Asker: 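Dumping the structure here so I can ask a few things about it.
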Amino acid sequence: MLIGELARQAGTSTRTLRYYEQHGLVRAQRSTNGYRVYDAAELPVVHQIRTLLAAGFGLDDIRPFVTCLRAGHGSGDECPDSVAVLRRKLAEVDGALARLTALRAELHHRLTGTEQHPPACEFG
């Protein structure tokens with residue numbers, strides 16, 4: 001299929017597909033007239049890329065998932081390298097949640113203290 005057809009089926013733009021190709025995530029063949037021609041197997045790869053990007057993964061993090069799909073697995077999550085990325089990302093999210101929870105507790109503590117002892121600020 002041509003780039004426009006893949007873009008339409010994947011719900012993305014041709015520019016985005018060229019960007020993925022430039023980063024080695026999507027593969028295209030060239031026709032004799034120079035048009036990009038994609039195999040239908042690229043559609044699930046593009047879906048995987050878009051799903052992972054939406055979840056906050058970077059392009060380098062996505063590579064193992066694409067490699068896993070290209071190896072014939074039904075999901076990009078099934079290979080050891082993909083699992084390692086998922087574990088690392090989960091640890092990052094857990095750390096961010098811990099930091100946000102601590103910040104929330106600090107803000108709540110400050111707000112509660114302010115409500116119990118209103119500041120005597122004078123402006124003017």
Side-chain angles (χ1 to χ4, degrees):
M1 77 182 83
L2 296 177
I3 192 169
E5 178 65 17
L6 180 59
R8 187 185 63 71
Q9 287 186 27
T12 192
S13 68
T14 57
R15 182 178 180 192
T16 298
L17 292 176
R18 285 190 292 272
Y19 180 75
Y20 296 161
E21 184 182 348
Q22 182 181 24
H23 287 276
L25 297 173
V26 173
R27 295 179 183 164
Q29 302 296 319
R30 292 290 183 156
S31 66
T32 55
N33 60 3
Y35 290 161
R36 287 176 170 87
V37 179
Y38 297 89
D39 187 89
E42 293 303 301
L43 185 58
V45 170
V46 174
H47 284 142
Q48 178 82 83
I49 293 167
R50 291 176 48 82
T51 299
L52 291 169
L53 286 172
F57 288 77
L59 291 178
D60 287 336
D61 291 334
I62 293 171
R63 287 184 202 294
F65 297 89
V66 171
T67 301
C68 190
L69 283 173
R70 291 197 192 290
H73 295 276
S75 168
D77 299 347
E78 297 176 9
C79 297
D81 290 344
S82 303
V83 170
V85 171
L86 290 169
R87 284 192 175 124
R88 183 179 47 76
K89 193 65 158 175
L90 181 60
E92 288 174 13
V93 169
D94 286 344
L97 283 172
R99 289 187 299 280
L100 286 171
T101 300
L103 175 60
R104 185 186 186 287
E106 173 65 20
L107 293 172
H108 181 70
H109 174 74
R110 287 174 165 245
L111 186 58
T112 303
T114 301
E115 290 171 346
Q116 291 175 359
H117 306 289
C121 296
E122 293 184 25
F123 297 98

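Treat the numbers as computed from the prediction; the structure is a model and nothing was measured.
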Asker: Ignoring hydrogens, what is the shortest heavy-atom contact between Arg70 and Leu25? Give both atom names and the distance.
Answerer: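 Looking at all heavy atoms of both residues, the shortest contact is NH2-O, 2.8 Å.
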Asker: Nearest 0.5 angstrom please: Ile49 CD1 to Phe65 CZ, how far?
Answerer: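 Reported value, rounded in 0.5 Å steps: 12.0 Å.
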Asker: How far apart are the closest heavy atoms of Asp77 and Gln48, and which atoms are they?
Answerer: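 For Asp77 and Gln48, the tightest heavy-atom pair comes out as OD1-NE2, 4.4 Å.
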Asker: Tell me if a side-chain donor or acceptor on Arg104 pairs with a main-chain N or O of Leu100 at a distance below 3.5 Å.
Answerer: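 Side chain of Arg104 to backbone of Leu100: no pair is present.
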Asker: Do Leu17 and Leu6 have side chains that approach each other closer than 4.5 Å (heavy atoms only, starting at C-beta)?
Answerer: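 Leu17 vs Leu6: side chains touch.
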Asker: Looking at CG of Leu69 and CD of Glu42, how far apart are the two atoms once the value is rounded to the nearest 0.5 Å?
Answerer: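 CD of Glu42 is found 10.0 Å from CG of Leu69.
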Asker: Does Gln29, at its CD atom, have more than 12 non-hydrogen atoms belonging to other residues, nucleotides or ligands within less than 6.0 Å?
Answerer: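 For Gln29, atom CD is not crowded (no more than 12 foreign heavy atoms under 6.0 Å).
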Asker: Rounded to the nearest 0.5 Å, what separation is found between the CG atom of Leu59 and the OH atom of Tyr19?
Answerer: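 So the CG of Leu59 and the OH of Tyr19 are separated by 4.5 Å.
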Asker: Please report the shortest heavy-atom distance between Glu78 and His73, naming the atom on each side.
Answerer: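 Heavy-atom minimum between the residues: OE1-ND1, 3.2 Å.
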Asker: Take a 6.0 Å sphere around CZ of Arg30 and say whether it holds more than 12 heavy atoms from other residues, nucleotides or ligands.
Answerer: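 More than 12 heavy atoms, drawn from other residues, nucleotides or ligands, come within 6.0 Å of this atom.
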Asker: Side-chain heavy atoms under 4.5 angstrom apart, residues restricted to Ile, Leu, Val, Met, Phe, Trp, Tyr: same cluster for Val37 and Ile3?
Answerer: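 The answer is no; the residues belong to distinct hydrophobic clusters.
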Asker: Look up atom CG in Asp61 and atom CG in Leu53, then write down how far apart they are to the nearest 0.5 Å.
Answerer: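 Output value for this atom pair is 9.5 Å.
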Asker: What heavy-atom pair brings Gly76 and Ser82 nearest, and what distance separates the two atoms?
Answerer: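 Closest pair (atom of Gly76, atom of Ser82, distance): O-OG, 2.6 Å.
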Asker: Considering all heavy atoms of both residues, which atom of Thr14 and which atom of Ala7 are nearest to each other, and what is their separation?
Answerer: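 Shortest heavy-atom contact: N-CB, 3.8 Å.
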Asker: What are the two closest heavy atoms between Tyr38 and Arg27, and how far apart are they?
Answerer: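 Taking Tyr38 first and Arg27 second, the nearest heavy atoms are CD2-O, 3.2 Å.
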Asker: Are Glu21 and Arg18 close enough for a salt bridge, meaning some N to O gap below 4.0 Å?
Answerer: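 Salt bridge between Glu21 and Arg18, a charged N being under 4.0 Å from a carboxylate O: no.
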Asker: Mind checking the NE2-CD1 spacing from His23 to Ile62? Nearest 0.5 Å is all I need.
Answerer: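 Answer rounded to 0.5 Å: 10.5 Å.
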